Undergrad: 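My structure is below; once you've seen it, I'll send some questions.
Since the model is a prediction, treat every value here as computed from it, not as a measurement.
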Amino acid sequence: MYDKVVPLGSRLHYPITITKLLKSPGDSIKKQESIIEYKFTWRRKTGDDTWNDETTYTEFDSPAEGKLKEWRIKEGSVIGADGPCMLVEESCGHEVQIQGLCSLCGADMTETNWASEERDTDRAMINMTHDQTGLMVSESVATKAEHDTQKRLLRQRKLSLVVDLDQTIIHACIEPTIGEWQGDPSNPNHGAVKDVKSFQLNDDGPRGLASGCTYYIKLRPGLAEFLEEVSGMYELHVYTMGTRAYALNIARIVDPDKKLFGNRVISRDENGSITSKSLQRLFPVSTDMVVIIDDRADVWPMNRPNLIKVVPYDFFKGIGDINSSFLPKRQDILPAPPKSAPIAAKPVAAAAKTSPLDELAKMSGGDDAASLKIQTEEQEKTLEKQLTDRPLLHMQEELDKEDEHGQDPQNGDSSHSHHRNLLVDDDEELITLQDHLTDIHTAFYEMYDKRRAERRQSEPTHPPGHSNFRRRASVDDGVDLSMVPDAGDILAELKSNVLSGLVIVLSGLVPLGVKVEESEIGIQAQSFGAQVLDGVSKRVTHLVVATSRPRTKKVQQAAKISTIKIVNQNWLIDCLSQWRRLDERPYFLDILDADRERSDDTTEVASEEDEEDEAGTKDLKDFDWDTADKELRDMLNELDDDDSESGFDSAANSDTEESDTESVLKQGTKRKSLADGEESDDDGSSITGESVLAKKQRVARSRGASTLRSVRTPNGEDADEEASLPTPGPTGDEGTEGDDRSRLVIDNDTQQDFDDDDLERELLAELEAAGD
């Protein structure tokens, strides 16, 4: 029996007054049976400007069926809004439904009536099955079912593993060349393709030229051993964006006896979305015990913490994922091809520009029938291109031509035995992937056991004969859902230590218009503990460069900083794959000597402060000091005239004027001598044999005590404090009443004016410091 609280609904003319309850607790009620009498008042227009209050008596019909347990309202009650009116005991809660029918009582859940505002199909909204049976369950049933599954896995010491197909554990194509190579033992690719599996999708396959085509499936090296080992730690699920017919055929090849995946296969046909995947589709209550392996991270927007990203398996060169038409455009980076590999023609599955499919997916989310149709047509075009263009055949022919061109015409021959093979089966990704899955499983159950042990220690102990002690000992079978850790947190912790402390800049690897920290590769690097930046600086530890663009501005900048390791993209890819920081030396980029040389012909890169000093000194050497001094005297004379016209007493301020003028000119003279290579002390006298550090400290002190801390250049821009030219512009306050001629200083950051008291305090502080 199921208790249901029945509301009055929103369609009544509130406020209403309950005049009579027609049923008593314990009575049976049926749908659309009158159970309440009530009245409401409304206004009726009787003339142009007259209204009369009218009272209407009517009945409320039951939207539910069952046994009335209690009323939640009383006769005479005035009710102003929708609320519960009664509690009904139903014979069936309709919590499990199949294709619109209650699987428990057989009632039609799609039936609607005027007395009910709710649909019975809303009682079971969660799809927990892997197929298209249409089995839907309620939240309470889903929670119970998922908890039962978790308890079973805990007893078995397992977790759940969701496995992608395309380019994760298999690679697929439909090019007829593969079949031809399989039947030709003399072909150089025969050994690589002899174990390729195949099947056809006739009624459930693509239409057009690709109708009835043969799918060729290459299993990732070591897959059988990998699945056998992993199945002892995980319960396996297949989750693919291929059709169900495609997925089931792959499952029959990978798991012919249904010992590994069983019927736990979900495809895009029952996914609920044709552009993204979600663990909530299979585990609507909790994902704490779930791990994902997939070559795409971007298709799991809500479940990245649970994901182990796999290096894409690309056995059929340039083909890519034949189901990629149903996914967002790929933004992550792929390993660079080995130097010995031939340069392929344009990949069949790649697109040079955004397709209409991508645009539609962005606008609508890709989950409607129109989008599905477009994506299906896009995939069919891609498959047709494989059949007509035969890219693998052409790439092998180009390789053969290169081999023949390099042979000795007298001793060489053109037989297949002397030709290189295009397809190479040397992938080892599953070896490292198995290690990762083992580490997660071990860490999960170590934490789970630790939590349970800590709880037992914190509980009060009972003597051996105590009843509670005997009861607990009998039911403690290793299952405690409250102590289950989050596999996503464990995975994040394991990954975050890999690149911890590294500061990485990417060159040629982030799409234009995408922030590096929001790019796919940037997100991955950050999840492994690295910090990613946009530009090169001394903080950077690694510059990761695309092999297709080995000489960029960032490379030239980083080459001048000896502490930055400049590596190709495969270093980062391999680190992320193997979950360890690898030795950079095998991945070092060849840097041109011209890129390592500094602009001033020095061989060692100085600090950022030194670079600023050098730039300032170079500017000062080229500066016309005589003209600057003349301009400064003219400006001070003009200020003196302005002050006189404004009522200032020139005599009263003559000392200040003279002091300021002499200070500024002395500062200019001193900087001129420094620019000419001469070293001087604070008085302007020359210092011989002074160290660089001592000179910097002395110059900094002299600048701090000077009235001229910063100036504006003639073009109006703030000059650097250490490279400033002594031609200060007006502050904008000259000529105002009460102003002071000494207020000529513009601070580089705050543009604050100093008065004589400030200068005096600075000088006193300097003298005290010198005395100490």
Side-chain angles (χ1 to χ4, degrees), residues 146-147 149-164 168-169 222 225-237 239 260 279-280 282-283 285-295 297 300 302-311 428-458 476-502 523-530 572-582:
E146 197 164 311
H147 284 172
T149 299
Q150 289 179 323
K151 291 177 181 178
R152 173 175 57 82
L153 293 177
L154 288 172
R155 294 187 186 100
Q156 297 173 352
R157 307 286 285 187
K158 287 186 175 183
L159 299 173
S160 295
L161 181 64
V162 176
V163 182
D164 173 57
T168 297
I169 63 172
E225 297 80 3
F226 168 80
L227 293 177
E228 184 67 28
E229 289 294 327
V230 169
S231 64
M233 301 179 286
Y234 294 83
E235 184 173 80
L236 306 180
H237 302 251
Y239 200 149
L260 302 172
L279 284 182
Q280 281 65 34
L282 296 175
F283 308 94
V285 178
S286 172
T287 59
D288 289 349
M289 297 180 66
V290 187
V291 180
I292 310 164
I293 56 174
D294 200 323
D295 69 301
W300 295 93
M302 304 300 295
N303 306 114
R304 278 181 177 268
N306 301 74
L307 173 71
I308 300 177
K309 187 181 180 303
V310 180
V311 174
E428 297 181 349
E429 178 70 7
L430 293 182
I431 297 175
T432 57
L433 183 57
Q434 181 177 326
D435 292 340
H436 302 335
L437 291 171
T438 302
D439 291 343
I440 295 172
H441 179 272
T442 300
F444 179 93
Y445 277 100
E446 283 180 352
M447 183 175 292
Y448 173 69
D449 292 340
K450 180 181 178 181
R451 289 181 175 181
R452 295 184 66 243
E454 291 174 350
R455 165 171 283 190
R456 286 195 297 268
Q457 292 175 1
S458 64
D476 189 358
D477 57 355
V479 175
D480 190 343
L481 294 181
S482 65
M483 294 290 102
V484 170
D486 188 339
D489 291 343
I490 293 174
L491 178 55
E493 178 67 23
L494 291 174
K495 293 195 301 183
S496 64
N497 297 322
V498 175
L499 302 178
S500 179
L502 302 189
I523 292 174
Q524 293 176 44
Q526 291 175 89
S527 70
F528 279 82
L572 181 56
I573 292 172
D574 292 347
C575 288
L576 301 183
S577 171
Q578 299 181 34
W579 288 18
R580 60 192 181 97
R581 178 181 171 181
L582 299 173

Undergrad: Of all the heavy-atom pairs spanning V291 and A487, show the shortest one and how long it is.
TA: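 Here V291 and A487 meet closest at CG2-CB, 4.3 Å.
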Undergrad: As an exercise, state the distance from CZ of F528 to CG of L502, rounded to the nearest 0.5 Å.
TA: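 Rounded to the nearest 0.5 Å, the CZ-CG separation comes out at 12.5 Å.
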Undergrad: For the residue pair P305 and L491, what are the closest heavy atoms and their distance?
TA: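 Looking at all heavy atoms of both residues, the closest pair is O-CD2, 3.2 Å.
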Undergrad: If you round to the nearest 0.5 Å, how far is CD1 of I293 from CG of L161?
TA: 4.5 Å
Undergrad: Checking side chain to side chain contact (heavy atoms under 4.5 Å, CB included) between V484 and each of Q150, M289, M447, R451, which is the one that passes?
TA: M289
Undergrad: Run the side chain to side chain donor-acceptor pair (under 3.5 Å) test on S527 and R304 for me, step by step, so that the C-alpha distance in whole Å, both residues' side-chain angles and the decisive distance to 0.1 Å come before the verdict.
TA: CA-CA 10 Å; S527 70; R304 278 181 177 268; over 6 Å; no
Undergrad: Counting only heavy atoms not in E228, do more than 12 sit closer than 6.0 Å to its CD atom?
TA: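 12 or below, so no.
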Undergrad: What distance separates D294 CG from T168 OG1, expressed to the nearest 0.5 Å?
TA: 4.5 Å
Undergrad: Can you measure from CD1 (I490) to OH (Y445) and round to the nearest 0.5 angstrom?
TA: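 The OH atom of Y445 is 10.5 Å from CD1 of I490, to the nearest 0.5 Å.
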Undergrad: Rounded to the nearest 0.5 Å, what separates atom CG in N303 from atom CD1 in I292?
TA: 5.0 Å
Undergrad: With a cut-off of 6.0 Å (strictly less than), are more than 12 heavy atoms of other residues, nucleotides or ligands near CD of E428?
TA: no
Undergrad: Please list all pairs passing the side chain to side chain donor-acceptor pair (under 3.5 Å) test where one or both residues lie in residues 572-582, with sequence neighbours left out.
TA: E429-S577, D574-Y587, Q578-R580, R581-E584
Undergrad: Do you know the tightest heavy-atom contact between A297 and K309?
TA: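 Answer, listing the atom of A297 first, then K309: CB-CD, 4.2 Å.
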Undergrad: Please lay out, stage by stage, how L282 and V290 fare under the test side-chain contact (heavy atoms from CB on, under 4.5 Å).
TA: CA-CA 10 Å; L282 296 175; V290 187; over 6 Å; no
Undergrad: Which atoms form the tightest heavy-atom contact between F226 and L430, and what is the distance?
TA: CD1-O, 3.6 Å
Undergrad: Would you call L481 and K151 a side-chain contact if the rule is heavy atoms closer than 4.5 Å?
TA: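 Yes. Closest side-chain heavy atoms under 4.5 Å.
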Undergrad: A side-chain contact here means heavy atoms from C-beta on lying under 4.5 Å apart; do I308 and I440 qualify?
TA: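 Yes - at least one pair of side-chain heavy atoms lies under 4.5 Å apart.
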Undergrad: With rounding to the nearest 0.5 Å, note down the distance linking OH in Y448 to CG in L159.
TA: 11.5 Å
